[in-house]
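Chain A is the first sequence line, chain B the second, and so forth, proteins listed ahead of strands; every chain is numbered from 1.
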Amino acid sequence: MALYFSSLHFPSTVANHHHSPTSHTLKTHLLHNFSSPFELKQVHTHLVKTNTPLSNLPLTRVGFVSALTSSFTYAHQIFAHAGVSQVFVWNSCLKMFAESENPGDAVLLFYKLRQFNVFLPDSFTCSFVLKACTTMLDLFNGRIVHGYVEKLGLKSNLFLQNMVVNLYALCGEMGDARLLFEKMSQRDVVTWNIMITQLIKRGDMVEACELFTRMPERSVRSWTVMISGYVQCGKPKEAVELFVEMEGVGVRANEVTVVAVLAACADLGALDLGRRVHEYSNRSGFRRNIRVSNTLIDMYVKCGCLEDARRVFDEMEERTIFSWSAMIQGLAIHGQAEETLRIFYKMIETGMKPNGVTFIGILHACSHMGLIEDGRKLFSSMTRDYGIIPQIEHYGCIVDLLSRGGLLQEAYEFIMNMPMKPNGIIWGALLGGCRVHKNVDLAEEATRHLHQLDPLNDGYYVVLSNIYAQSERWEDVARVRRLMRNRGVKKTPGWSSITVDEVVHEFVAGDETHPQAQEIFRMWEKLLGKMKLKGYVPNTSVVLLDMEEKEKERFLYRHSEKLALVFGLMNTPPGTPIRILKNLRVCEDCHTAFKLISEIVNREIVVRDRNRFHCFKDASCSCRDYW
DNA sequence: CCCTTTGCAC
């Protein structure tokens with residue numbers, strides 16, 4: 001149905017009666033701010049009366065306020081008389097709707113325009129409606145618009161095709177996206193990037209990799225999305241390798257690439273590469289990029305270089321809550337509780353509002369350093385002063401705080417009174433406290449819950465048997481081991497890694513296959529002799545296997561962190577710090593050994609375990625043995 | 001003249 005355009009009469013000249021300044025201001029205000037068709041009519045009448053050209057009306061706004069009301073026809077007539085292109089002005093309206101709070105309005109307007117056959121949609125019309133469908137993940141209408149794209153002969157429009165592929169993939173219809181992708185007559189680098197991005201979002205790194213290999217040309221974004229994909233799926237080593245490859249083919253990284261590769265360095269503890277990327281980033285002019293700086297803080301923190309993290313933080317001209325939280329978290333895992341609290345209060349002074357993550361950082365600091373009272377106070381101030389509802393992670397911090405602090409009974413009661421069902425992390429924190437404070441009864445209680453919640457998690461069995469071993473309850477140790485075997489629970493292999501000259505070297509316990517294995521064992525024997533002179537006695541109770549005492553010792557001496565340390569001592573210049581990363585908690589015997597070794601070789605040894613950092617120096621550790 | 005699609009942090 002076509003619209004009837006000439007129902008309104010516009011006089012060419014109208015006398016300007018009763019024109020007071022007040023009303024003029026009012027009308028001017030109205031001209032630019034009208035928000036209803038009623039006001040629009042007033043403005044329109046005024047324009048007619050004052051003989052002002054219709055083009056003075058903000059026409060897109062006219063469409064925006066009228067399109068979905070009964071004044072649709074009225075707006076249409078105004079456009080016709082203003083002599084503007086229908087497609088142009090309605091497309092602008094569609095764009096406004098698509099970017100508004102209710103993108104669905106764009107879809108509604110599109111159908112209305114089709115219904116009244118106002119104009120033939122062009123590629124822009126389709127793009128804005130597709131944009132709306134994509135924002136709302138509206139597959140149903142998306143398919144219909146896709147149909148229009150085909151019907152209108154816009155199949156060769158690459159922009160639109162890319163949008164449709166993106167829409168299908170984003171709505172989870174990978175099959176349809178893939179089908180369209182494969183049968184497109186032409187694809188550009190964006191098409192490939194969209195497919196790769198969506199495959200990665202859905203966790204299909206293998207297929208993403210396949211496409212990445214197949215694509216004819218790659219942009220920075222192609223490399224970046226792959227690098228960040230590897231980081232997201234827990235393969236930072238591959239991410240770094242890809243970055244090096246990217247540099248090799250001469251593609252310049254941008255801010256986003258830098259953020260991704262720094263995150264990989266953080267996960268790997270790859271300080272040297274991290275520093276190099278930092279310099280690269282400065283040379284590229286990203287010094288003032290907040291996200292880059294935030295990621296640098298996190299990278300330095302996770303590589304054990306608190307001073308460098310602090311320098312980046314201090315040099316920032318502008319900070320977000322991410323900057324503060326990263327710095328707070330960093331100080332916390334390095335055991336600097338007092339400084340953590342100082343910086344927290346400094347943050348409050350600057351007017352920055354903490355969030356839930358910030359509190360996880362400061363509560364962590366308190367529990368790592370045994371500041372029980374501070375922790376309790378901060379926990380209650382969280383809701384009272386900052387309106388943050390504690391999540392289960394925060395309850396976990398308090399259970400950890402109380403348990404490590406030896407207040408095991410209170411921790412247990414705290415768990416019982418939690419407003420949510422305790423999870424494995426909560427009971428695990430209590431269990432950890434039971435190990436430190438040698439409480440078998442509560443350990444058994446915690447384990448009962450843990451076995452119910454997470455029967456296949458090996459960590460809990462290991463800690464429980466450690467606790468039995470401490471009390472020399474060997475039958476119970478054997479019982480736990482039998483239980484593990486019967487339930488088919490496998491101990492997570494411990495590994496440690498050390499990066500030398502940007503190459504990551506991984507070690508697993510008992511590894512004798514490393515090319516330098518024999519050298520490592522020889523050097524270990526030499527160190528062992530010196531350690532024994534300083535009073536080292538191997539703590540074989542941490543070995544849970546059934547074997548002779550000598551055999552246990554041999555096993556203990558092949559712990560992955562010890563192998564990594566000796567390898568590091570052999571392959572890095574004397575006097576430089578050694579940085580080791582471990583996937584599990586550092587073992588008690590290794591902790592004792594590393595303290596002594598730091599003194600014997602006069603080197604700083606930084607170990608990042610799954611919870612925190614241990615900085616060994618001059619025969620002591622930054623955790624002050626509280627961990 | 002509406003000029004459209006893909007990537008990033010605690």
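- Between Asn141(A) and Met136(A) there is no side-chain heavy-atom pair separated by less than 4.5 Å.
- Across residues 144-156 of chain A, not one residue has a non-hydrogen atom less than 4.0 Å from an atom of DNA chain B.
- Looking at heavy atoms from C-beta onward, Trp324(A) lies in side-chain contact with Phe313(A) at the 4.5 angstrom threshold.
- Among residues two or more places apart in sequence or in another chain, the salt bridge (Lys or Arg N to Asp or Glu O under 4.0 Å) test is passed with Glu173(A) by Arg143(A).
- Under the 30°/60° scheme for interplanar angles, the aromatic rings of Tyr386(A) and Phe359(A) are found to be tilted.
- Taking every heavy atom of residues 240-277 of chain A and every atom of DNA chain B, pairs under 4.0 Å involve Asn254(A), Val256(A), Val259(A), by number.
- Within the 4.5 Å cutoff, no side-chain heavy atoms of Tyr395(A) are placed close to those of Ile398(A).
- At least one side-chain heavy atom of Met184(A) sits less than 4.5 Å from a side-chain heavy atom of Asn162(A).
- Classification of the Phe110(A)-Tyr148(A) ring pair by plane angle, with boundaries at 30° and 60°, yields perpendicular.
- Looking only at side-chain heavy atoms (C-beta outward), Leu581(A) and Lys302(A) stay at 4.5 Å or farther from each other.
- Between the side chains of Asn193(A) and Ser219(A), at least one donor N or O sits under 3.5 Å from an acceptor N or O.
- The minimum heavy-atom distance between Arg612(A) and His334(A), with the atom names listed, is NH2-C, 4.0 Å.
- Between the side chain of Ser367(A) and the backbone N or O of Leu401(A) there is no donor-acceptor pair closer than 3.5 Å.
- The backbone N or O of Thr191(A) lies less than 3.5 Å from a partner atom in the side chain of Asp188(A), making a donor-acceptor pair.
- With a cutoff of under 4.0 Å to any heavy atom of chain A, the contacted region of DNA chain B is bounded 5' to 3' by dC1(B) to dC10(B).
- Within residues 160-168 of chain A, the residues that have a heavy atom under 4.0 Å from DNA chain B are, in order of number, Asn162(A), Met163(A), Asn166(A).
- As judged by a 4.0 angstrom heavy-atom cut-off over every strand, Glu99(A) is placed among residues making no nucleic acid contact.
- Contacts between residues 293-319 of chain A and DNA chain B, defined by a heavy-atom separation below 4.0 Å, involve Asn294(A), Thr295(A), Asp298(A), listed by number.
- Nucleic acid contact class of Ser92(A) (heavy atoms, under 4.0 Å, all strands): sugar-phosphate only.
- Counting heavy-atom neighbours within 6.0 Å of Arg114(A) CZ, excluding the residue itself, gives a total above 12.
- With contacts defined as side-chain heavy-atom distances shorter than 4.5 Å, the pair Leu331(A)/His364(A) does not qualify.
- A perpendicular orientation is assigned to the rings of Phe243(A) and Tyr280(A), their planes being inclined by more than 60° (bins at 30° and 60°).
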